[in-house]
2 protein chains.
Amino acid sequence: MSKIITISREFGSGGRELGRCLAKKLGYAYYDKEIVQAIADKTKLSEEYVNSIVEKRPFSMFPIHTGSSFQMMTNPIDDQNQMIFREQCNILKDMAEKSDCVIVGRCADYILSEKQPLRVFVYADMDYKIKRCLGNQGEEEALNTKEIKKKIQSLDRQRSQYYMFFSGQKWGDKECYDLCINMSNINMDDAVAAIAALV
Amino acid sequence: MSKIITISREFGSGGRELGRCLAKKLGYAYYDKEIVQAIADKTKLSEEYVNSIVEKRPFSMFPIHTGSSFQMMTNPIDDQNQMIFREQCNILKDMAEKSDCVIVGRCADYILSEKQPLRVFVYADMDYKIKRCLGNQGEEEALNTKEIKKKIQSLDRQRSQYYMFFSGQKWGDKECYDLCINMSNINMDDAVAAIAALV
């Protein structure tokens, strides 16, 4: 069975970079934006549209539990979102079958739970995340500290809602992960080495 | 400056064993019950009495905030508990000065925060903790599953209250630590190697 590492991460914590470095160090495949591309290819929807949904927009419908059955009130947009989530599940499972891999985001820890991935959550203090985002942003963005903080909070809220909707679990709750690593005082190489020691 | 690793741990998670193995691997001093002994030596109180207080019994008094001043309603027992906590602070600071070390429990992450320790929280699923406790208990204990579960919950509640009282922080909240490690699916050697990679 392939070895799978899933990385969930707060926006600005460096989780994506950590995932990439880890995959490189271990010689594992790395999946991040590739997942959105693959969904777009399969569904014939635009990458931009898929990106606006995956990890961001939870459904508008309310799940109704009636005894053991599970019914939904849907609308066409929700149907499409559901279809995207189904594709996402299939694609993640295919990727996980193919080879050892590191998967960033996209509910992979939950979707692939049967394959017992090493589930990592990457987080950091707000000050660290703001500083990191300030350093990384392109000239065309030029957000100030206050705007970046707002962006971080908004994106993390979306991720949290999305994760809760699909998994029924609290995003970032340490009970859902094998390892939670706070990047505020830990450098990237050490974090990579620490996680690599667990596989 | 000495390197310090503090280990906070849920009862039954294997945090103490992890701390001991880590200290051995790194050649660091290891402090756990030694702290209670040292407090007993300094205060001339019995080790048993000190042990019943440290990490277990928060004060009975209620802190009263009046503007910027801070007053306490105390009683003799509380005075003694406060004295024990003061000794504990001094002893931990001395230990941390002397050499690189691993310190288990006793609010060390908070008390030594100025020395920037690597703050580790060790936890596990309830099933794992119960199984571990069942395997470790001596013949004279012989608690059943239900009793062990109750003991785990009760001890962790005490640790949580004690930590909150002194630090004002939530025990086990991942924001208070650099690394949180869930031992349910991770073996001891790998966990030790992962933490060792961070120092």
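Of the residues considered (Ala193(A), Ala196(A), Cys180(A)), Cys180(A) shows the highest number of contacts with chain B, using heavy-atom pairs under 4.5 Å.
Residue Leu118(B) is grouped with residue Val122(B) when hydrophobic side chains (ILVMFWY) are merged at heavy-atom distances under 4.5 angstrom, including chains of intermediate members. Cluster annotation: Met164(A) and Ile111(A) are assigned to distinct hydrophobic clusters (Ile/Leu/Val/Met/Phe/Trp/Tyr, side-chain heavy-atom contacts under 4.5 Å, transitive). Linking Ile, Leu, Val, Met, Phe, Trp and Tyr whenever their side-chain heavy atoms come within less than 4.5 Å leaves Leu112(B) and Ile5(B) in two separate clusters. Note on Ile181(B) and Val120(A): same hydrophobic cluster, where clusters join Ile, Leu, Val, Met, Phe, Trp and Tyr whose side-chain heavy atoms are under 4.5 Å apart, directly or indirectly. The cluster map of Ile, Leu, Val, Met, Phe, Trp and Tyr, joined by side-chain heavy atoms under 4.5 Å apart, puts Ile7(B) and Leu198(B) in the same cluster.
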May I have a list of the donor-acceptor pairs under 3.5 Å that connect chain B with chain A?
from      : atom 1 : to        : atom 2 : distance (Å)
Tyr123(B) : OH     : Lys174(A) : O      : 2.6
Tyr123(B) : OH     : Tyr177(A) : O      : 3.1
Gly172(B) : O      : Lys174(A) : NZ     : 3.0
Lys174(B) : O      : Tyr123(A) : OH     : 2.6
Lys174(B) : NZ     : Gly172(A) : O      : 3.0
Tyr177(B) : O      : Tyr123(A) : OH     : 3.1
Tyr177(B) : O      : Asn182(A) : ND2    : 3.1
Asp178(B) : O      : Asn182(A) : N      : 2.9
Asp178(B) : OD1    : Asn185(A) : ND2    : 3.4
Cys180(B) : N      : Cys180(A) : O      : 2.9
Cys180(B) : O      : Cys180(A) : N      : 2.9
Asn182(B) : N      : Asp178(A) : O      : 2.9
Asn182(B) : ND2    : Tyr177(A) : O      : 3.1
Asn185(B) : ND2    : Asp178(A) : OD1    : 3.4

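Contacts of Leu179(A) with chain B are made by both backbone and side-chain atoms, with heavy-atom separations under 4.5 Å. Contacts between Ala191(B) and chain A at a heavy-atom distance below 4.5 Å involve the backbone alone (N, CA, C, O).
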